[in-house]
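Below is one structure, written out as structure tokens; the observations come after it.
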2 protein chains.
Amino acid sequence: MTEPAEISSLTLNRLSLYLRCLRQLQDAGTTHVSSGQFAQHFELSASLMRKDLAHFGEFGIRGTGYRVDDLAARLTTLLGLDRIHNLAVVGMGSLGSALARYLSFNDKPFRIVAAFDVDGRKVGHKIGHLVIHHSRDIPEVIPQTEAQIAVLSVPASAAQQCYEDLTVSGIEAVLNFAPTQLKQHPAVRTKSVDFQINLEELAYFLSS
Amino acid sequence: MTEPAEISSLTLNRLSLYLRCLRQLQDAGTTHVSSGQFAQHFELSASLMRKDLAHFGEFGIRGTGYRVDDLAARLTTLLGLDRIHNLAVVGMGSLGSALARYLSFNDKPFRIVAAFDVDGRKVGHKIGHLVIHHSRDIPEVIPQTEAQIAVLSVPASAAQQCYEDLTVSGIEAVLNFAPTQLKQHPAVRTKSVDFQINLEELAYFLSS
DNA sequence: CCGTGTGAAGTCCTTCACAGCT
DNA sequence: AGCTGTGAAGGACTTCACACGG
């Protein structure tokens, strides 16, 4: 009813999605919405949305629906997006730089506090106001920062080593972009974003 | 037994993953592997792997396991990765450029045949040997190429419009990187890679 | 005897359908 | 009357456990 027993990834990801959609409604000036209208507009499931929300309590008004501002605010708090989370980016190749740039827009609840690369030509240079450290110094530098989450955007061949350096440096979570199956550390929450596998899935269904 | 009834995304994604792992074994010189050894080495499930493969036939030898080369070859064919698939990249910002660069390594079964952006300073310039077209010309240019899959890496605000232009131009599949819920076209297979939502999931579980 | 291939069991996730609140 | 919140039904995915082939 009130407290998260153990919430599934799928539900959590949808909650993020709902919040994003609610913000679109806010921008459009919509103040109230029912689960049915919401589902139709964004091509989602109304009953699933209600079930997802039910994990955390009651958010709506029977007979009326949901107040957009209220639901958005409550989801923001619930997901912890009213706090700033500090990130370390490991691997400042083109992907790492793109992610860093994207995350540096400061209306977001994420802030980059450390950057690493193995390339001697990049080390010491600045990206924004941030010095790039050598990857070998991860265990030394991370504890001096408040970084909780690491974004791992190194080549597949270097990913496992970097991952392990991060785990010993006290990082709490890792978002991996390297196309490799990491041997996971149980105390570090780890997710992979694997665009290659998604592309291969699409390719499978093509006619020719 | 033999023919794909209707294969799930989850199974398909794992098949891609198995193939990737098998290639690591090939590089290490391993010629034979049982599902148990494989699962232990890569932290996967042995019985699930066998079930996944069972969708497509029999691949192993009872009492022995799998021949690495053979299984890798059969998965490659099965997933259609022995053919080249042509891509269009829409949105040549830092993310689109990073993806383009990554995909241009030519041992991969993907080849970029068209690139688009709205930025007048980029249009007409070349990325590698490829001219960047204006996004408004998508419906005109795409049919002249053999592009089957589009990679959509534009800002969220432009994603829906670009998506629709792509669908009318005859694209068969879209891999969306924009953090927005697309209104999907039924004839176009569409997947989203949403790194923001994954990051928010990690943030949820952090202590402070 | 070992490991695959596979029905059956179990678990997790989604949809249905309706009681109850507004 | 309309819509939420929710038990119960249904479906999808994973794990179990063992018959069978090598």
Side-chain angles (χ1 to χ4, degrees), chain A residues 1-18 21-22 25 30-72 74-75 78 181 197 201, chain B residues 1-18 21-22 25 30-72 74-75 78 181 197 201:
Chain A
M1 236 54 86
T2 44
E3 270 318 303
E6 185 58 24
I7 207 80
S8 85
S9 233
L10 291 163
T11 294
L12 221 34
N13 291 353
R14 281 191 302 263
L15 291 174
S16 287
L17 186 58
Y18 301 152
C21 294
L22 287 166
L25 292 182
T30 309
T31 58
H32 295 260
V33 71
S34 72
S35 63
Q37 296 166 338
F38 189 86
Q40 183 152 27
H41 194 285
F42 295 106
E43 299 188 340
L44 300 166
S45 153
S47 59
L48 188 48
M49 180 198 191
R50 298 201 302 275
K51 261 275 194 294
D52 285 336
L53 294 176
H55 283 100
F56 294 94
E58 308 205 349
F59 295 82
I61 304 151
R62 295 184 190 214
T64 303
Y66 301 87
R67 284 185 33 221
V68 174
D69 287 347
D70 179 49
L71 186 53
R74 292 180 67 182
L75 284 180
L78 207 143
Q181 174 75 348
I197 280 181
E201 182 189 335
Chain B
M1 236 56 82
T2 43
E3 269 320 301
E6 186 55 26
I7 207 79
S8 84
S9 233
L10 291 164
T11 294
L12 221 35
N13 290 353
R14 280 191 301 265
L15 291 174
S16 286
L17 185 59
Y18 300 152
C21 293
L22 286 165
L25 291 182
T30 309
T31 58
H32 291 76
V33 71
S34 72
S35 62
Q37 296 166 337
F38 189 86
Q40 182 152 27
H41 193 285
F42 295 106
E43 298 188 338
L44 299 165
S45 152
S47 59
L48 188 48
M49 180 199 191
R50 298 200 303 272
K51 261 274 194 297
D52 286 336
L53 295 175
H55 282 100
F56 293 93
E58 309 205 349
F59 296 82
I61 304 152
R62 297 186 189 211
T64 303
Y66 302 88
R67 283 184 34 219
V68 174
D69 287 347
D70 178 51
L71 185 53
R74 291 181 67 182
L75 284 179
L78 208 142
Q181 175 73 351
I197 280 182
E201 180 189 335

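All values below were derived from every heavy atom in this structure, side-chain atoms included, with hydrogens, water molecules and symmetry-related copies excluded. Sequence lines set the chain letters: A, B, ... in the order given, protein chains first and strands last, and positions in each chain run from 1.
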Rounded to whole Å, the NE2-C1' distance (A/His32 to D/dT4) equals 15 Å

Rounded to 10°, the angle between the first-five-pair and last-five-pair axes of the helix from C/dC1-D/dG22 to C/dT22-D/dA1 is 0°

Shortest non-hydrogen pair, A/Ala39 vs A/Ala46, comes out as CB-N, 3.4 Å

Taken in chain and number order and not counting sequence neighbours, the residues that satisfy side chain to side chain donor-acceptor pair (under 3.5 Å) with A/Arg74 are none

Those residues at least two apart in sequence (or on a different chain) that pass side-chain contact (heavy atoms from CB on, under 4.5 Å) with A/Ala72 are A/Leu19, A/Leu22, A/Gln26

Separation of C/dC13 atom P from A/Asn13 atom CG, nearest Å, is 12 Å

Rounded to whole Å, CG of B/Leu12 lies from C1' of D/dC13 at a distance of 15 Å

- Message: For a quick check of understanding: with a heavy-atom distance under 4.0 Å over all strands, which category does B/Thr11 fall into, base, sugar-phosphate or nothing?
- Response: nothing

Check: Can a side chain N or O of B/Ser45 be found less than 4.0 Å away from OP1 or OP2 on D/dT14?
Finding: no

Contacts of B/Thr31 meeting side chain to side chain donor-acceptor pair (under 3.5 Å) (sequence neighbours excluded), chain-then-number -> none

Considering only heavy side-chain atoms of A/Ala54, the closest of D/dC13, C/dT4, D/dT6 is D/dT6

Between A/Leu15 and A/Leu53, the two heavy atoms sitting closest are CD2-CD2, 3.9 Å

B/Glu6 atom CD is separated from D/dG11 atom P, nearest whole Å, by 17 Å

Is B/Arg14 near enough to D/dT14 that one of its side-chain N or O atoms lies under 4.0 angstrom from OP1 or OP2?
yes

Applying side-chain contact (heavy atoms from CB on, under 4.5 Å) to B/Gln37 and not counting sequence neighbours gives B/Val33, B/Ser34

When rounded to whole Å, the CG to P distance for the pair B/Leu10 and D/dG11 reads 19 Å

Remember a base hit wins even if backbone is also touched, and classify B/Ser35 as base, sugar-phosphate or nothing at under 4.0 Å, heavy atoms. sugar-phosphate

The salt bridge (charged side-chain N to carboxylate O under 4.0 Å, His left out) partners of B/Arg50 (sequence neighbours excluded) come to none

Listed pairs, N/O of protein and of nucleotides 16-18 of chain D, under 3.5 Å:
{"from": "D/dA17", "atom 1": "N6", "to": "B/Arg50", "atom 2": "NH2", "distance (Å)": "3.4"}

Fill in: Phosphate OP1/OP2 of C/dC2 contacted by B/Tyr66 side-chain N/O (<4.0 Å)
no

Sub-3.5 Å pairs of nitrogen or oxygen atoms, protein against nucleotides 20-22 of chain C:
{"from": "C/dT22", "atom 1": "O4'", "to": "A/Arg62", "atom 2": "O", "distance (Å)": "3.1"}

Taking for B/Gly60 and for A/Leu48 the nucleotide of DNA chain C with the nearest heavy atom, the one nearer the 5' end belongs to B/Gly60

Residue set satisfying side chain to side chain donor-acceptor pair (under 3.5 Å) with B/Glu201, at least two apart, ordered chain then number -> A/Ser9, A/Lys191

(request) Classify the nucleic acid contact of B/Leu53 as base, sugar-phosphate or nothing, counting any heavy atom under 4.0 Å across all strands shown. (result) nothing

B/Asp70 meets the side chain to side chain donor-acceptor pair (under 3.5 Å) criterion, sequence neighbours left out, with none

On a heavy-atom basis, the closest approach of B/Cys21 and B/Phe38 is CB-CZ, 3.5 Å

For B/His32, the side-chain contact (heavy atoms from CB on, under 4.5 Å) test, sequence neighbours excluded, returns B/Thr64, B/Arg67

Rounded to whole Å, the CZ-C1' distance (A/Phe56 to D/dG5) equals 16 Å

note: B/Phe59, atom CZ; C/dG3, atom C1'; distance rounded to Å ~ 17 Å

Notebook entry, point to check: Is there a side-chain contact between B/Met49 and B/Leu44 (heavy atoms, below 4.5 Å)?
Noted result: no

Rounded to whole Å, CG of B/Leu71 lies from P of C/dT4 at a distance of 11 Å

